[in-house]
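Down below is the structure, laid out as C-alpha cells.
In what follows, chains carry the letters A, B, and so on, assigned in the order in which the sequence lines appear, proteins first and then strands, with residues in each chain numbered from 1. Just so you know, these numbers use all the heavy atoms, side chains as well, and skip hydrogens, waters and symmetry mates.
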There are 4 protein chains.
Amino acid sequence: MQVLKDELRHRILLESEHLFLQRGYDRTSMQMIADKVNISKGNLYHYFKNKEELFYELTDSAAEGLKNLILRSRSGRFSNIADSREFQLLLQEEILSLLLAEKYGLLLIMEQGKGTRYEHLRPTMVALIAEQIEPLLADEENALLLAQIMADNLVGGIIQILKNRVRPREVRVCMNRLLDYHTKGIHALRVE
Amino acid sequence: MQVLKDELRHRILLESEHLFLQRGYDRTSMQMIADKVNISKGNLYHYFKNKEELFYELTDSAAEGLKNLILRSRSGRFSNIADSREFQLLLQEEILSLLLAEKYGLLLIMEQGKGTRYEHLRPTMVALIAEQIEPLLADEENALLLAQIMADNLVGGIIQILKNRVRPREVRVCMNRLLDYHTKGIHALRVE
Amino acid sequence: MQVLKDELRHRILLESEHLFLQRGYDRTSMQMIADKVNISKGNLYHYFKNKEELFYELTDSAAEGLKNLILRSRSGRFSNIADSREFQLLLQEEILSLLLAEKYGLLLIMEQGKGTRYEHLRPTMVALIAEQIEPLLADEENALLLAQIMADNLVGGIIQILKNRVRPREVRVCMNRLLDYHTKGIHALRVE
Amino acid sequence: MQVLKDELRHRILLESEHLFLQRGYDRTSMQMIADKVNISKGNLYHYFKNKEELFYELTDSAAEGLKNLILRSRSGRFSNIADSREFQLLLQEEILSLLLAEKYGLLLIMEQGKGTRYEHLRPTMVALIAEQIEPLLADEENALLLAQIMADNLVGGIIQILKNRVRPREVRVCMNRLLDYHTKGIHALRVE
DNA sequence: TATGAATGAGTGTTCATTCAT
DNA sequence: GATGAATGAACACTCATTCAT
C-alpha cells in the first residue's frame, strides 16, 4: 500500500514536472496534472497540500543547492574571477555537480517559476553575477549593462546545456566550451 | 469621428502595450486594459476582435520585420558570417534599424508571448541563427549546441539592450560591444 | 476486542464532542476528529454510519430527556406555573437532573446543531415553553411575544449556566438565582 | 440601464438577506443566491466584490450604529443604570431608533455572522453590558455569571422583538415591556 | 460608437463518503 | 477492525467574450 502510494506520488511528481517544464507554473492547472496521471483532481490533494507545495517539492532542493553555491562563491573563494585559471576549475566543478544533481529543478526555478516564490530568481542571480563581472570591464558608461548581458548569457547558456545534454561527461565538455567562449569574449571588453 | 476612433484605438494599443510589457500576455486582463484606457471592457471588442488580436496588432510588424531580416540573412548575403568585417556592419545596420523601429513589439514577442502564437518564437529564432553559426565552429559533436547557445546569447543580449537603452546612438554603441564580445568569443571555438 | 472496540468508540465520542462543542457541527470535519483520536478517517465509518449519526449519538439521549421533560411538563403537572412554590421546586429538580446528566448533549443540540436535525430545536423548545407562560400574562396583544422572550431567556440562561458551572451544587445555586430573576426581576438580585 | 442595474443590485441584496437570515453566512453559497435571483454566479461579482462584501453591504450601517450607541452609552451618560428612570427612557430611545432603522442588519450581525468579522460580536456586546450590570448585583460569587445571563437575555429579548414586530409603535411597546420584565421580573407582567 | 450586464467555463481547494486491501 | 487511497460534488472566485440597449 505504501508502495502504491509512493509510486503514484512519484508519478504525480513526474507528470507535473513535465507539464511545469513545458507550460510553466501558472499555465499548468491541477486538472491537467490529474488528467495526465489519470486520477481525480481531489486526489492530488491527498499527496500535496496545494499546487505551490507540489511545485516546491520539485524545486526546493535545486533552490537550496543554488543558494549554497552562491553563498560559497561570494564568501571570497572566487574573488579574482576572470584571470585565475583556478577560478574556472573550481567554479566549473561546483556548478557541474549542482547542474547534474538538480537539472530539472533548476530549469523550473530559472525558467518556469512565474507565480511562485522563484518568480524573480533569474534576474536576481544575473544581477549577482553581473556585480562580479562589472569591475573587470573597461570603465565606460555601458560597463554595467554589458556585465548584465554577459551574466545573463552565462545563465542562458547553462540553461541551454541543461536542456540539451544529459550525460555528465557531455555536460562537462559543454560547460568548458561555454566558459572558453565567455572568457575569450570578456577579454575583448576588458580593462587593458 | 474617424479621427476620434483612431485616437482611441491608438490609446488602447499604447496602454495595452505597457501592460503586456510589464505583466505579460497571460497576466494582463481585458479589464485592466479597459481601466487604463478609461473605457468599457466591451468597447475594446469594437476595436479588436479579441485579446489575441490586440496583442498581434502590437507585434505583427515586429514579427514581420524579424521574419524578413532572417529570410534575407539566410538568402546567402551573410553567408561568411564571422570572418567578414562586412558581416558585422551589415548585420548591425539591419538589426539596428529593426530594433529601433520595433523595439516594444520585439520585446513582446520575444519575452511576453506566452499564450499567443509567438509562444515558441524565441527558440525558433535561436535555432535559425544557430544554423548559421554552426558551420563556423570546429567540427565536434557539440557544435550545434554551442551554436544554439551563442544564438540564444545574442538574442538575450539584444533584449537586454532594448530594455536598457533608448536612444539610437546608445543602442548602436551597445550593439557594437555585444558583437565584439560575441565574435571574440566565437573565435575561441572556431575551426582553426 | 469488544472491549477495545468499545473503548475506541468511546474515545471517538469524547473527542468529537470536544470538537463539536468548540467549533460546531458544520465546521468540524471528519479529518479533524480522526486526527484527534489518532485513527484513520475511514475507520470512523466503522463506528458511525456518517457524521450526522456520530453527532446524534452524542445528542440523542439529551434530546430524548428534553422531550420527556417537556411532555411531562405539558401533561398538566406544572399547570399553575408562576404562583405555586411547588412549581419552582419541581421544575428545578426535573431540569436540574437533566442538565447534570446531559450537559454537553444539551449544549450541542441547543447551540451547535446547525446542519443537523436539531437545527431548529431551540426555537421549537422556546415556543413550547412560551405556550405555558403565555396564559399567565396579562391579556394583551404582546403576550405571546413576551412569553417567547421569557422562554428564550430562560433557555439562554440555562445554557450560560451550563457553560460556566460544573459542580451540581453550583449549577443548582445558579439555577435558583435564574428562576428568582425570572420571577421577580432584577430587583430580586439587587444590592439592598 | 442604471435603473436595471440598481434594481438587480437591490434584488441581490434582498434575496441574499433572506438567505443569510435563514441559513447564516457560512451556509449560504453564492450559487444559492444566484439561483434565487435567477442570474449566473459570475454576474454576482459584477455587483459585489465577493461574498464577504455582499454581507457587509447588508450589515455595515447596522454595525456602525451599534458601535456608536455603545460608545455613547459608555461615555458616562448612562452611568447609573438600573435606578434612574431617565436611563430607561434615554436608552430606550437610542436603542429604538437603531432597531427600527437597522432591523435586519442587526439580526445578521448578532445571529448569522459566523465566518465574518462579526463572528464574535454578540458575546462581546454581552460582556460589555454585563460589565455595567455586575456592580448592581449583590456581591456573591455568581454575580458575574448572573450579570452575563441578564445581559445575554436582554440582547436575546431584543432579537426576539426584532424578529416578531415590524411597526415602530409595536417595537416600542415591546421594548418597554422587556425592560419592565428585566427590572421587575415576571411579576410585573402577571395577571393581577 | 459605447456601455456594462451577463454568461459559462475554468481556477485552486475542501470534504464527506466509499472501497479495495 | 483498520487503513488510507480515491472520488465527486461543492465552494469562492476570475475572466474572455457576447449582446441588448
Does a side-chain N or O from B:Lys41 land closer than 4.0 Å to OP1 or OP2 of E:dG4, or not?
no
To the nearest Å, give me how far apart CD (A:Glu7) and C1' (F:dG4) are.
16 Å
Is there a donor-acceptor contact under 3.5 Å from the side chain of C:Arg122 to the main chain of C:Glu111?
no
Below 30° counts as parallel, above 60° as perpendicular, anything between as tilted: where do the rings of D:Tyr118 and D:Phe55 land?
tilted
Rounded to the nearest Å, what distance is computed from the CD atom of residue D:Gln31 to the C1' atom of nucleotide E:dT7?
12 Å
Separation of F:dA16 P from B:Met32 CE (nearest whole Å)
8 Å
Quick one: which of A:Leu107, A:Ile33, A:Thr116 gives a side chain to side chain contact (heavy atoms under 4.5 Å, CB included) with A:Phe20?
A:Ile33
Tell me the interatomic distance from D:Phe48, atom CZ, to F:dT14, atom C1', rounded to whole angstroms.
18 Å
Examine F:dA5: is either OP1 or OP2 under 4.0 Å from a nitrogen or oxygen in the side chain of A:His46? Give yes or no.
yes
Tell me which of B:Asp26 and A:Ile39 sits closer to the 5' end of DNA chain F, going by the nucleotide each one is nearest to.
A:Ile39
Compare the minimum distances between each of F:dG1, E:dA6, F:dT18 and the side chain of D:Leu8, then state the nucleotide with the smallest one.
E:dA6
Identify whether any heavy atom of A:Ser40 sits under 4.0 Å from a base atom; if not, whether one sits that close to sugar-phosphate; answer base, sugar-phosphate or nothing.
base
I want to check something: taking the side chain as every heavy atom from C-beta on, are B:Leu66 and B:Met110 in contact at a cut-off of under 4.5 Å?
yes
Reading DNA chain F from 5' onward, which residue's closest nucleotide shows up sooner: C:Leu44 or B:Tyr25?
C:Leu44
May I ask you to verify if any side-chain N or O of D:Tyr47 is less than 4.0 angstrom from the OP1 or OP2 atom of E:dA6?
yes
Are A:Tyr45 and E:dT13 close enough that a side-chain N or O sits under 4.0 Å from OP1 or OP2?
yes
In terms of the nearest nucleotide of DNA chain E, which residue is placed more toward the 5' end: C:Met30 or A:Glu52?
A:Glu52
Measure CZ/D:Arg27 against P/F:dA12 and give the value in whole Å, please.
13 Å
Residue matched to F:dA10 through Watson-Crick or wobble contacts both under 3.5 angstrom
E:dT13
Without decimals, in angstroms, what is the distance between D:Ile33 CD1 and F:dA10 P?
17 Å
Which one is paired to F:dT18, where only Watson-Crick or G-U wobble pairs with both distances under 3.5 angstrom count?
E:dA5
Interatomic distance where CG belongs to C:Asp35 and C1' belongs to E:dC15 [whole Å]
13 Å
Inspect the contact between C:Arg27 and D:Glu119 and indicate whether a charged nitrogen and a carboxylate oxygen are less than 4.0 angstrom apart.
yes
Quickly work out the C:Phe55 CZ to E:dA16 C1' distance and round it to whole Å.
16 Å
Please tell me if B:Asn43 has a side-chain N or O lying less than 4.0 Å from either OP1 or OP2 of E:dT3.
yes
Using heavy-atom distances to pick each residue's nearest nucleotide on DNA chain E, tell me which of C:Asn50 and D:Asn38 is more 5'.
D:Asn38
Between A:Asp60 and A:Arg117, does any NZ, NE, NH1 or NH2 come within less than 4.0 Å of an OD or OE carboxylate oxygen?
yes
